[in-house]
Amino acid sequence: MTRMQEMSLDYHFTVEQEVSSSVCAFFGFNGTAGVWRISAVNEAGGWKDRTTVEDMDLAIRASLKGWKFVYLGDVQVKSELPSTFKAFRFQQHRWSCGPANLFRKMLMEIVTNKKVTIWKKIHVIYNFFLIRKIIAHIITFSFYCVIIPATIFVPEVRIPKWGCVYIPSAITLLNSVGTPRSFHLLFFWVAFENVMSLHRTKATLIGLLEAGRANEWVVTAKLGSAMKMKSANKAGLRKQFMRIWERLHVTELGVAAFLFSCGWYDLAYGRDHFFIYLFFQSVAFFIVGVGYVGTIVPQS
């Protein structure tokens with residue numbers, strides 16, 4: 001899971017932020033290792049807690065006031081990735097729900113702003129929000145985990161290979177350029193990202209509709225380098241059963257069963273050999289569904 005997070009974050013920093021900084025385009029501010037001018041914060045209206053991505057909120061308001069951001073790739077700081085899948089899920093929910101909810105609240109403010117050009121408005125609304133924060137999550141899950149498997153049962157519907165293989169493969173290769181040392185894990189990264197697209201899609205819709213967990217703030221739990229992992233204590237059958245039950249994720253197991261059944265049907269009656277992808281993707285959903293990913297913290 002650490003390698004999967006590394007590949008995603010390397011693309012985020014190396015491609016999205018560093019490249020945007022080099023062409024003076026807008027990019028989202030991260031709360032970690034960021035330095036602000038006090039005048040920029042004050043002019044933008046200060047820190048607000050109306051969404052769970054208050055750093056992004058401030059960055060957009062400052063950008064609409066004409067401020068520009070600089071990314072310094074040679075500056076290194078210490079940080080820590082989520083070690084447990086539970087913590088990672090909460091983090092991804094906040095990172096997907098927050099931007100969608102912020103888009104809902106700032107759309108008209110961006111449109112009616114008179115201090116920035118129309119091209120910057122289009123960039124922020126279309127490229128930053130719609131494509132990267134909303135549509136990307138929904139398309140990833142619906143296309144790879146719903147539409148492609150569903151076409152197995154409808155032989156009249158054929159998806160061209162350029163749409164389901166060539167273009168996605170090219171995009172994936174470009175997204176992985178920031179982490180060449182993990183190139184051999186590319187297939188596993190794609191499978192893991194497709195699993196996470198389920199949670200990101202759900203969180204995005206919650207943010208857009210401002211439903212139940214739209215403003216839920218859960219601090220990302222991290223183990224810390226000073227913490228020593230304790231060996232698992234002996235426990236009774238009931239305690240062990242409860243711990244295993246808490247690790248199960250019913251939604252992932254349901255999608256795994258759906259993909260697995262589609263794979264068997266394609267193996268028996270299909271012509272496009274989609275079962276190769278469907279079997280691997282169903283295994284990825286199953287592994288995550290039983291909680292066999294990330295660090296398992298022993299309970300005392």
Side-chain angles (χ1 to χ4, degrees), residues 1-8 11 85 88-89 92-93 96 130-177 179 182-206 208 244-245 247-294:
M1 192 177 76
T2 301
R3 286 294 189 95
M4 302 301 104
Q5 293 182 73
E6 179 193 27
M7 295 180 75
S8 299
Y11 171 77
F85 183 63
F88 183 66
R89 285 183 66 184
Q92 293 303 299
H93 174 86
S96 301
L130 281 178
I131 298 299
R132 289 161 48 191
K133 305 300 182 184
I134 298 176
I135 296 178
H137 304 319
I138 299 175
I139 288 296
T140 299
F141 174 71
S142 61
F143 185 70
Y144 293 104
C145 302
V146 178
I147 295 177
I148 289 181
T151 58
I152 302 300
F153 302 105
V154 187
E156 293 81 8
V157 178
R158 299 292 298 274
I159 301 178
K161 291 185 178 180
W162 61 263
C164 62
V165 179
Y166 301 145
I167 292 180
S169 298
I171 294 175
T172 300
L173 292 174
L174 292 174
N175 288 350
S176 64
V177 296
T179 317
S182 297
F183 191 78
H184 62 290
L185 299 174
L186 195 58
F187 182 82
F188 301 99
W189 177 57
V190 171
F192 182 71
E193 284 294 295
N194 287 344
V195 175
M196 292 310 303
S197 68
L198 168 64
H199 300 287
R200 293 170 182 148
T201 298
K202 179 181 177 182
T204 299
L205 296 177
I206 290 175
L208 284 175
I244 293 174
W245 178 255
R247 288 173 52 186
L248 293 180
H249 304 290
V250 180
T251 306
E252 285 86 345
L253 292 175
V255 177
F258 168 69
L259 294 176
F260 193 73
S261 62
C262 293
W264 275 113
Y265 190 89
D266 183 67
L267 179 62
Y269 304 104
R271 294 171 294 177
D272 294 322
H273 301 91
F274 283 151
F275 66 88
I276 300 174
Y277 157 74
L278 293 172
F279 282 151
F280 277 107
Q281 190 63 70
S282 65
V283 170
F285 270 98
F286 178 78
I287 291 174
V288 174
V290 296
Y292 199 68
V293 60

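Separating the CZ atom in Phe258 from the CG atom in Leu278 is a distance of 8.5 Å, to the nearest 0.5 Å. Here Ser261 contributes atom OG and Asp266 contributes atom CG; the two are 11.5 Å apart, rounded to the nearest 0.5 Å. In this structure, CZ in Phe275 is found 15.0 Å from OH in Tyr265, a value given to the nearest 0.5 Å. Here the straight-line distance linking atom OG1 of Thr204 with atom CZ of Phe141 works out to 12.0 Å at 0.5 Å rounding. In this structure, CH2 in Trp162 is found 5.0 Å from CD1 in Ile167, a value given to the nearest 0.5 Å. The structure places CZ of Phe143 at 15.5 Å from CD1 of Ile138, a figure rounded to the nearest 0.5 Å.
The neighbour count for Phe85 CZ, taken as heavy atoms of other residues, nucleotides or ligands under 6.0 Å away, is above 12. The environment of His184 atom NE2 is dense: over 12 non-hydrogen atoms of other residues, nucleotides or ligands sit within 6.0 angstrom.
Here the closest heavy-atom approach between residue Leu248 and residue Val290 is recorded as CD2-CA, 3.9 Å. The two residues Ala203 and Ser96 come nearest to each other via the heavy atoms CB-CB, 3.8 Å. Closest non-hydrogen pair, Cys164 versus Ile159, comes out as CB-CG2, 3.8 Å. The two residues Arg132 and His137 have their closest heavy-atom pair at O-NE2, 4.0 Å.
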* Begin from the C-alpha positions of Phe285 and Leu259 and carry the test side-chain contact (heavy atoms from CB on, under 4.5 Å) through to its verdict. => CA-CA 9 Å; Phe285 270 98; Leu259 294 176; 3.6 Å; yes
* To do: List the steps and the verdict of side-chain contact (heavy atoms from CB on, under 4.5 Å) for Ser176 and Phe183.
  => CA-CA 7 Å; Ser176 64; Phe183 191 78; 3.9 Å; yes
* Candidate pair Trp189 and Thr172, rule side chain to side chain donor-acceptor pair (under 3.5 Å), full reasoning -> CA-CA 10 Å; Trp189 177 57; Thr172 300; over 6 Å; no
* To do: Go through the steps for Ile148 and Phe274 under the test side-chain contact (heavy atoms from CB on, under 4.5 Å), then give the verdict.
  => CA-CA 8 Å; Ile148 289 181; Phe274 283 151; 4.2 Å; yes
* Could you please spell out the steps behind the side-chain contact (heavy atoms from CB on, under 4.5 Å) verdict for Thr251 and Lys202? => CA-CA 11 Å; Thr251 306; Lys202 179 181 177 182; 6.0 Å; no
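Applying the ring-ring contact (aromatic ring centres under 6.0 Å, His included) criterion to His93, with sequence neighbours excluded, gives no partner residue. Listed by chain and number, the residues in a salt bridge (Lys or Arg N to Asp or Glu O under 4.0 Å) with Arg3 amount to none (sequence neighbours excluded).
Exactly one of Val190, Thr179, Thr2 qualifies for a side chain to side chain contact (heavy atoms under 4.5 Å, CB included) with Met7. That residue is Thr179.
Ring orientation note: the planes of Trp264 and Phe260 are nearly perpendicular, at an angle over 60° on the 30°/60° scale.
Remark: the backbone N or O of Leu198 is not paired with any side-chain donor or acceptor of Thr201 at under 3.5 angstrom.
For the pair Thr140 and Met196, the minimum side-chain heavy-atom distance is 4.5 Å or more. Using a 4.5 Å heavy-atom cutoff, the side chains of Cys262 and Phe153 are in contact.
Screening residues 157-170 for salt bridge (Lys or Arg N to Asp or Glu O under 4.0 Å), with sequence neighbours left out, gives Arg158-Asp272.
Under 3.5 Å, the side chains of His199 and Glu252 contain a donor-acceptor pair of N or O atoms. Between Glu193 and Ser8, the side chains place a donor N or O and an acceptor N or O closer than 3.5 Å (distance only, hydrogens not considered).
You'll find the ring centres of Phe188 and Phe192 outside the 6.0 Å limit. Between Phe286 and Tyr292, the ring center distance fails the sub-6.0 Å criterion.
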